[in-house]
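The next block holds one structure in the form of structure tokens; read it before the comments.
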Amino acid sequence: QVQLVESGGGLVQPGGSLRLSCAASGSIFSINAMGWYRQPPGKQRELVAASTSGGTTNYADSVKGRFTISSDNAKNTVYLQMNGLKPEDTAVYYCNFVVRRAHWSTSPATYWGQGTQVTVSS
């Protein structure tokens, strides 16, 4: 089993910044991809940012130029730096890891954090 623990959410004024962290623990042979999703109240979960082991990144159009995804592989941790926050960024943010649990594993496994609330006041 793999456990993901998120931190860094909170209340911030428009234009402010937050840095989210998500640390994975457990049986991980390698990490194929990491990402951040968010779910605004009453809406569907959406992709915010993602990165792969190959070094590619992808961002939602709504956050390009404001959010940056990064990682520390030695700590199995992914970060989301959020600058220039807007009220529409208010949501529960979830981290996501796609991992290979062992060298003999035939398929990747996906794990989710428990979510952290980000509220941007106006």
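Reckoned from all heavy atoms, side chains included, excluding hydrogens, waters and symmetry mates.
Nearest heavy atom pair, residue Gly115 against residue Val92, reads CA-CG1, 3.8 Å. Among all heavy-atom pairs drawn from Ala24 and Leu4, the shortest one is CB-CD1, 3.9 Å. What you find for Arg101 and Val2 is that their closest heavy atoms are NE-CG2, 4.4 Å. Here the shortest heavy-atom pairing between Val120 and Leu85 reads CG2-CB, 3.9 Å. The two residues Ala60 and Leu47 have their closest heavy-atom pair at CB-O, 3.5 Å. The minimum heavy-atom distance linking Met34 with Thr77 is given by the pair SD-O, 4.3 Å.
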Between Asn76 and Ile31, does a side-chain contact (heavy atoms from CB on, under 4.5 Å) hold up when you go through it step by step? CA-CA 8 Å; Asn76 288 337; Ile31 300 173; 3.6 Å; yes
Start with the C-alpha gap between Thr116 and Leu20, add the side-chain angles, then the distance that decides, and say whether side-chain contact (heavy atoms from CB on, under 4.5 Å) holds. CA-CA 8 Å; Thr116 183; Leu20 306 183; 4.1 Å; yes
Determine whether Trp36 and Ile69 satisfy the following criterion, side-chain contact (heavy atoms from CB on, under 4.5 Å), listing intermediate values before the conclusion. CA-CA 8 Å; Trp36 290 94; Ile69 187 171; 3.8 Å; yes
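Aromatic ring orientation, Tyr94 versus Trp112: perpendicular (interplanar angle above 60°, classes split at 30° and 60°).
Within the model, atoms CG of Leu80 and OH of Tyr37 stand 13.0 Å from one another, a figure rounded to the nearest 0.5 Å. Rounding to the nearest 0.5 angstrom, the gap separating the OG1 atom in Thr68 from the OH atom in Tyr79 is 14.5 Å. Between the CZ atom of Arg100 and the CG atom of Asn32 there is a distance of 8.0 Å, given to the nearest 0.5 Å. Between the CE atom of Met82 and the OG atom of Ser17 there is a distance of 8.5 Å, given to the nearest 0.5 Å.
Remark: the backbone N or O of Cys95 is paired with a side-chain donor or acceptor of Glu6 at under 3.5 angstrom. The backbone N or O of Thr57 lies less than 3.5 Å from no partner atom in the side chain of Ser51, so there is not a single donor-acceptor pair. Although no hydrogens or angles enter the test, the distance criterion places no donor-acceptor pair under 3.5 Å between the side chain of Ser71 and the main chain of Asn73.
Counting heavy atoms from C-beta outward, Pro14 and Ser121 have side chains that approach closer than 4.5 Å. Using a 4.5 Å cut-off on side-chain heavy atoms (C-beta onward), Tyr59 and Val48 make no contact.
Judged by distance alone, the side chains of Glu88 and Thr90 never bring a donor and an acceptor atom under 3.5 Å apart. For the 3.5 Å distance criterion, the side chains of Arg38 and Tyr93 qualify, holding a donor opposite an acceptor.
Under the side-chain hydrogen bond (donor to acceptor under 3.5 Å, both in side chains) criterion, Arg66 pairs with Asp89, sequence neighbours left out.
Counting non-hydrogen atoms of neighbouring residues, nucleotides and ligands closer than 6.0 angstrom, the CD atom of Gln39 exceeds 12 such neighbours.
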